[in-house]
Structure formats: C-alpha cells, structure tokens
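Quick note on labels: first sequence line is chain A, next is B, and so on, each numbered from 1.
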Amino acid sequence: MEGAASAEKRSVEDFRVRVHGGPHPLRAGSEGGATTFGRDDDAGWAPRPPDDANASRRIVAHFDVDAFYSQVEELRDPRLRGRPMAVTQKFLIVTANYAARSAGLKKLMSTTKAKALCPEVALVSGEDLTPYRACAKKVRAALERFGTCEKLGLDECWVDLTAEVDRRIAAGGPASDPPLVGHRHSSEHVVESDNAHRPMDIRAVDPERTNASDGVHHPVPPRCEDGADPDANPDVSDPARERRLRVGAAIAAEARDAVRSATGLRMSAGIAHNKMLAKLVSGLHKPDDQTTLPAGVAAKLVSPLPVRALPGVGHGAERTLVHRGVRTAADLRRVTRSEVCEWLGPRVGRKVHDAAWGVDREEVAPKPAPNFVTCEDSFRSCTTWSSVDAVLAVIAPDLLARMDEEYEDEVERTVGAGALIPAGRAARTLTVKWRDVGPGGKGTGWSRSSASTTMPTLANDRSIDAKRRADALREAATRVLRSELTRGFDLRALNVGAGNFEPKAVTLNKRPGVEAGCVSGSSGIDVGTGRAAPHGSAFAAMNARRDYDRGGGRMSKTEERALSERERGLGGGVFGGGLNGGGGGESSDVFAEPLRDQDEDEEDGDSFYADLADVQRSSAMPSIGRVQSLVPRKRGAEQASLLSFFKGPSKR
DNA sequence: TGGGGTCCT
DNA sequence: AGGACCC
C-alpha cells in the first residue's frame, strides 16, 4: 500500500506548532449562520490506514427517511401536508417538516422558540413511538429485498448492495452499465453545516446550484490510464469502480421507489464503498435525493470536517480532541494512530483515525433482536410515592405492550426462519432508571441512576389479565425505588425496562444466531393480551409536561395519542392508505450469517499495521451469495400455520 | 433537553 | 451501574 512510514516521525512536534499556532482551521468567521468547511488543506503526514481488500468492490448504500416522524404524521393526517408542522416530545421539537424548517425550525429546538419563529406551525405530539416503529418495519421490509440490511435507529439503515451489483454486472445488458442517477459528489463541491450545534448534519453546496432545478448534477469523470493509482487524483476515476457505483446508485434509486410505493415515505440515500462514507453523503442532497461518492473524493470530503462530524466522535471525544488542538479530520490525519488511541482509548481511537481517512472496514451486519425494551416518561416534578405510582401506572402498561410486540417479532423471526417453537422473549430482568434532582439524588447534571431486579413471572405471562401483569410490574419497580430513594427525591424522569431475555428458539436447520436446545417455561403460548382499558379522566394538554404531583398522568401514551387524534377529528384508527402495500418482504436474511470475526484482540495503534493481513483475509471472502435474489423467499404452508398458531388471532 | 437504543468499562 | 455513543 502506501507505506511512507518515514514521514511519520516528525509529525508530533511540527503538528503542535502548526495547529496551535496557526489559524483556526474551521469556521473562517460566521456566528450563527451557515458554516462552510474549507477545502482540504493538504495531504497528511501520518500514513493512511490501509483499507481492507474488499474496499473497492463493496458497494454500500445508506438510507435515511427525510424528517421521519413528520412524514409519518403527514401520512396519518393529510391536513398537515404542505403546512409548517413539527413533531414534539414534551417541549422539544424532535423533527420538523420542510415547510417548518424554511421558517427556521430546527431539530431539538424548544416549542416556545418554534412558535415564536413560526406562529402557524402545527405541533403534533410524538411521544408514543408505536406508529413510527410500525412504519420503520415496513421501510426495512422493502429495503431488505435489495441486500443485507442493518438498521440504525428507526429511520436509517445501511444496505449492502454488493451482491446485487455483482449480479447485474454479471447479467450484462443495460442494467449492467447504467448512467448515474442522482448526484455525484466531486471535489468541486463544498460542504457546509447550517446548524452550529450539529456540525455533523452536513450538506453539499453545489457549485452550479443557481440553476440546479432538475436536482441532478453529475459531471462525467475523467478516466485514468490502466494501472494508475485511482486515489492519486480524486477526480480521475477507475472505470470499474465508477461503474460499480453507478450500478449501486441505480439499485438505490429503485430501493427508494420501492419504499415510497410501499409506505409513501420519501428518503435520501448515499452510495459509497463503505458504511461510514455512505452515511456521510446520504444527507448531502436531502430531501428525496441521493448522492454517490467516487472512491477518490472520499478523503477530500472528509478532511475539512470538524471531528464531531465523524461517527464515533461525540461530546466527550470532541472535547478531548479539541483540547489537544485537533479540530478537523485533517488535523487528525496529521497525528499518529497511536496518539489518537492514547487519547480516546484503543477502540474509539482506531475507529476515529480510520474515519478521518474515509476508511471503514465494518461489514453491513443485521442487528439481532434487541436486548432491552424500555418505556420512559419525563415530567416537571415527582416528589411523593403516590405520584411515583401514577407515573408507573402510565408506563408499566406501555412496557408490557412493548414486551408483547417483541414477543411477536420473535415469533416471526424464529418461526419464519425455521424454528419449531419460538422460545418467547420472556424477560428475566427489570431495570428502573430515574433522574433525581432532589436531596438524595445526583443533584445537577443530567445523569441518571438505575437499579435492577428480577422480572416478576406474572409480568411475562401473556395468559393473564393485563392489569395483573401491570400491577406485578409496578410492584416490583416500586420495591426497587423504595430501597434506592431513601432520602427524599424529586424526579424528572422515570424509565422501566425489560431485558436479559430467555434463550432463543429451537430451529430446524441450525444457523448462527439461533441457539439450539432450549425452550424454557414461563413463556405461555397464549395470546389475546389487550392493552389496559382506558381509565381516568380526559387529558388535554398535548404538549404540556405532565406534573404528577398535581395529578397529571393516568393515561398510557397510546391512549393519550388516540384521544388527541379524536380531538383533532381523526378516525383514531391506525393508518390511512399507503401503509398497507408493504407485503412481501418477509425477510429471509434476518439470520444471515454474522460473518467475520475480525479478531478483537487488543491492537493499539502500533501493532495495527502488522495485523492488517488478517483483517484482509477475514473480510475478503464475504457477502457474495448471501443475498439470494430480489424475490422474497416463500414460506412453507407448515411454517405459516405455525406462525398463526403462535401468534394467535390478530388483534388490532 | 426526548424517548428510545447500543456497547464498553 | 454508569458512561459514551447513535438516532
């Protein structure tokens, strides 16, 4: 590869002088307005960490639903479309549609400020995530037909398009060499962030934006001669790589169409050779558009970015790095890998150092079933045991509903993948978390405390009355809190969680991810758990923070949402049109081999290069053939009846 | 300053 | 159990 260990030595001293003494690399001026990140100032001194051997072949897309919660709410209530609208949780804007954004609303802004900026804005409470979870499931079902899918949060996922790209190229014909669809990021583009607090949200400033009404800008890249290093000049591209990216872009466009016809949701996408770069570029031409990143442009895109924009760098790491004068990815490229590992720890250090060079060796790997489900509410005040009980009366039924959802997902996953009996997802642990600003609490800060106990068996028992289950949950949670909150309290938030689920299902054909052997008791096959019946008085203030000391609460979030919909004159029902077309997509890939095992031995900065050969070997042989085809696998009649047996008659 | 999650220490 | 990270 690039070798060049010679240049590494002088880096440390020179770097400190240069960065500390020199001009601030980021933010050439501008308070409050858009921040434009400067161009790459030059090549680094420390060596580029090598990519794995697969890097040029792999094609990864990152998909991101635009203003997800807002779009979902617009689907549910068409009256909201075209008007400025935002989704709130308590008194925060969590997302705003584009009409509201153009009035200046931003993510995580207070509702007060939002209303000041845009008095006509419609605010919709998004504290109950149920509808968003349901939509997210359909989105993933549509995307999974195009390759292995890895979810990140509710509204984002990566899809490994490599196998489908290979298939199309092998098949020949027009689809094997399509024109580029969407944007191609070139080194002519400048990147900016319009929110000083969120430097990771970046977008491209198109040099020809003045007349970019068609939303397409893709200059034909010059070709490089045979055998030339495709990274030597970022805008001179290797034809084979460019072609694979173009095929990937075509697939991504189809995938976005598929999601849109299945759900009505619009999304943006980024197409690149690895997960990190795909994610970085997916937002460059948001909304409803996609961006492809040629291999050679990666370093140019990344280096002017503030370190905070690199995945893996949060508040803590940013502070540490900035304290040492490292503000941008380009700065990171001038220090050695071992230094970064010293500052941030080996794990984060490696990841961040790689990211600064646009290197990411992670495979797209489906997320296994969640280890925890939790429900939370926050409020202005909660100082008495009776108000604690009022909070628990709200969130305990919600947690049970989540646990049951998890059970159903597990049935679908395990029976759908060939299990004889779904083991159930009975939770063994109950965790309670809280934020206490009272005398016994942690005082200021936002830190939370937590404690856990054994999950009462009654809570797992789907065969009994929902109220008895909720009571068991509340009782156990209260016992934990009583033993922790001994010196008086003033809670701002309370969270209950269920986790440490019992072992997984028995399968016919044993595949990794599903352990054989064990089906344990307690998980009744029973069905028909209803949600807690509505109880308590009408509850108005949609966006008010509940104050349990003054009698707020008493209604689960699901019920609360239904009520607020009734008040808005909606059916109160589930989704209108558009959301039911999702059929198909019975993921056959949920249990796709979690390939690899990139040995995770302690490798710090220095041993890194020595170990690289192993990394290359283990990741050089993957993915092709894991995704069988675009046709969802049929489920046998036997399995279908098993499924309906375990799931029982559909509720809702 | 929300309501979720993950992983590491 | 708590902290850091992600959305």
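Looking at residues two or more places apart in sequence or on another chain, you find a salt bridge (Lys or Arg N to Asp or Glu O under 4.0 Å) between Lys279(A) and Glu156(A). Tyr98(A) pairs by the ring-ring contact (aromatic ring centres under 6.0 Å, His included) definition with nothing, not counting sequence neighbours. With sequence neighbours left out, the side-chain hydrogen bond (donor to acceptor under 3.5 Å, both in side chains) criterion links Thr383(A) to Asp549(A). With sequence neighbours excluded, no residue forms a salt bridge (Lys or Arg N to Asp or Glu O under 4.0 Å) with Arg319(A). Partners of Phe68(A) by ring-ring contact (aromatic ring centres under 6.0 Å, His included), not counting sequence neighbours: none found. Residues meeting the ring-ring contact (aromatic ring centres under 6.0 Å, His included) test with Trp158(A), sequence neighbours left out: His62(A).
Using a 4.0 Å heavy-atom criterion, one finds that Arg308(A) contacts the sugar-phosphate atoms exclusively. Ala451(A) comes within 4.0 angstrom of the backbone, heavy atoms only, and of no base. Among the atoms of the strands shown, only primed sugar atoms or phosphate atoms (P, OP1, OP2) are found under 4.0 Å from some heavy atom of Ser452(A). Backbone-only contact: Lys279(A) has heavy atoms under 4.0 Å from sugar-phosphate atoms and none from a base. Looking at heavy-atom distances under 4.0 Å, Gly345(A) makes no contact with the nucleic acid at all.
The CZ atom of Arg492(A) sits 13 Å away from the C1' atom of dT1(B) (whole-angstrom rounding).
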Note to self: Please encode protein proximity along nucleotides 3-8 of chain B as a string of B, S and -, counting only heavy-atom distances under 4.0 Å.
What the structure shows: SSSSSS

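For residues 478-491 of chain A, the set of pairs meeting the salt bridge (charged side-chain N to carboxylate O under 4.0 Å, His left out) definition, not counting sequence neighbours, comprises Asp490(A)-Arg492(A).
Ion pairing of Arg324(A) with Glu339(A) is absent here, as no side-chain N (NZ or NE/NH1/NH2) approaches a carboxylate O to less than 4.0 Å.
Read 5' to 3', the first and last nucleotides of DNA chain C with an atom closer than 4.0 Å to a heavy atom of chain A are dA1(C) to dC7(C).
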